[in-house]
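Just so you know, residue 1 is the first one in the sequence shown, and it goes up from there. Scope of the values below: all heavy atoms of this structure, side chains included, with no hydrogens, waters or symmetry mates. If you're wondering where the values come from, they're calculated on a predicted model, not measured in any experiment.
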Amino acid sequence: MPAYHSTFDTSEGATQTIGNLVLLPIHTQYRGPAYPPDQEYDIVEETLDLFRANSFFRNFEIKGGADRLLIYGILFVSQCLSKLNKTTTVRDAHRTLNSLAVDSFALPGDIGFPLNSMYTPPKTKNEADMLRAYLQQFRQEVADRLIKRVYGNDDLPSKHWLAFTKRRFMNKSL
C-alpha cells in the first residue's frame, strides 16, 4: 500500500516555489508571507490529517513540491509530539510548541537539514529569507492546530496522538 500524497496540485502556477518546495496558501493568524487560500482545507489541515497514516511508512515517493511541504510538516508534527508527554497541560504545551516553532531551524541546503538529498536549496539570500519566514509561519500554525487536536477540550493530551511519538516517518527527524 503506498503512502498518502498531497492533494494540492502545484501545476496551476498560482503558487510560488523556492528551490523545489512550494509555498502554499495557509489559513493563519501569524504574520508571514503566506496568504489565505480560496478553500477552507489547506496544507496544514492535510498535514495533520495524513500524519498518523503516513507515519507508518519508511519510503515516500515525492510527486511534487506539495509533497515536500507535506513531508516537512509531518516531520515537524513528529518533533512536536516528542516534546509532549501524558502529563503536559495545555498551557505548558502552548509554551513548549510555540517556542519550538520559532526556534532556529535548518533550511534545505544547510548542514543540519536532514533531507538535503530531496530538497533543492534556495538560490539567493532573499529566497532563503522568504523560505525561512514561510516555514516559521507554517510551523507556528501547525503547532497551534496540533494542540487543538491533541488536547481537544481536555487538559491532558489524547493517548491516540501520543502513541505516535515513537514512530519515525521515513526514519528521519528534524
Query - Pair Leu75-Ile71, side chain to side chain contact (heavy atoms under 4.5 Å, CB included): steps then yes or no - result: CA-CA 6 Å; Leu75 291 176; Ile71 290 169; 4.1 Å; yes
Report task. Please lay out, stage by stage, how Lys83 and Asp92 fare under the test salt bridge (charged side-chain N to carboxylate O under 4.0 Å, His left out). Result -> CA-CA 10 Å; Lys83 297 290 183 187; Asp92 292 338; over 6 Å; no
Looking at every non-hydrogen atom in both residues, tell me the closest pair between [X] and [Y] and how far apart they are.
X	Y	value
Phe113	Pro108	CD2-CA, 3.7 Å
Asn20	Tyr119	OD1-CA, 3.4 Å
Leu24	Phe8	CD1-CB, 4.0 Å
Ile74	Leu50	CD1-O, 4.4 Å
Gly109	Pro121	CA-CB, 3.6 Å

Query raised in the report: Ion pair present between Asp49 and Arg149, side-chain N to carboxylate O less than 4.0 angstrom?
Result: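 Salt bridge: yes.
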Query raised in the report: Is Asp38 atom CG crowded by more than 12 heavy atoms from other residues, nucleotides or ligands, each under 6.0 Å away?
Result: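 No, because the 6.0 Å sphere around CG of Asp38 holds 12 heavy atoms or fewer from other groups.
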Requested in this report: Take atom CG of Asp103 as the centre, draw a 6.0 Å sphere, and report whether it contains more than 12 heavy atoms from other residues, nucleotides or ligands.
Outcome: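 Enclosed: over 12 neighbouring heavy atoms sit under 6.0 Å from CG of Asp103.
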Requested in this report: Check the pair Thr28 / Gln140 against side chain to side chain donor-acceptor pair (under 3.5 Å), numbers first and verdict last.
Outcome: CA-CA 9 Å; Thr28 183; Gln140 287 175 314; over 6 Å; no
Query raised in the report: Taking it one step at a time, do Arg132 and Asp129 satisfy salt bridge (charged side-chain N to carboxylate O under 4.0 Å, His left out)?
Result: CA-CA 5 Å; Arg132 183 171 301 282; Asp129 292 340; 5.6 Å; no
Requested in this report: Please lay out, stage by stage, how Phe60 and Phe169 fare under the test ring-ring contact (aromatic ring centres under 6.0 Å, His included).
Outcome: CA-CA 9 Å; Phe60 190 85; Phe169 177 61; 5.6 Å; yes
Query raised in the report: What residues form a ring pair (Phe, Tyr, Trp, His ring centres under 6.0 Å) with Phe105, not counting sequence neighbours?
Result: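 Phe105: no ring pair (Phe, Tyr, Trp, His ring centres under 6.0 Å) contacts found.
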Query raised in the report: Partners of Tyr4 by ring pair (Phe, Tyr, Trp, His ring centres under 6.0 Å), sequence neighbours excluded?
Result: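 Expected list: none.
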Report task. Go through the side-chain N and O atoms of His5 and Asp67 and say whether any donor and acceptor fall under 3.5 Å apart. Result ->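 Side-chain D/A pair, His5 to Asp67: present.
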Query raised in the report: Taking the side chain as C-beta and beyond, is there a heavy-atom pair between Ile43 and Ser6 under 4.5 Å?
Result: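 Side chain of Ile43 against side chain of Ser6, heavy atoms only: contact under 4.5 Å found.
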Query raised in the report: Is any side-chain heavy atom of Ser78 closer than 4.5 Å to a side-chain heavy atom of Arg168?
Result: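 Heavy-atom side-chain distance check fails, nothing below 4.5 Å.
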**Report entry** Set of side-chain hydrogen bond (donor to acceptor under 3.5 Å, both in side chains) partners for Thr124, sequence neighbours left out
**Finding:**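 Here no residue qualifies.
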Requested in this report: Mind telling me whether Phe138 and Tyr72 have parallel, tilted or perpendicular rings, with 30° and 60° as the class edges?
Outcome: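 Judged by the thresholds at 30° and 60°, the geometry between Tyr72 and Phe138 is tilted.
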Query raised in the report: Is Phe56 reachable from Leu162 through a run of I, L, V, M, F, W or Y residues, each pair having side-chain heavy atoms under 4.5 Å apart?
Result: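 Per the 4.5 Å side-chain linkage, Leu162 and Phe56 are co-clustered.
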Query raised in the report: Linking I/L/V/M/F/W/Y whenever any side-chain heavy atoms sit under 4.5 Å apart, do Tyr30 and Val44 land together?
Result: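 No, Tyr30 and Val44 fall in different hydrophobic clusters.
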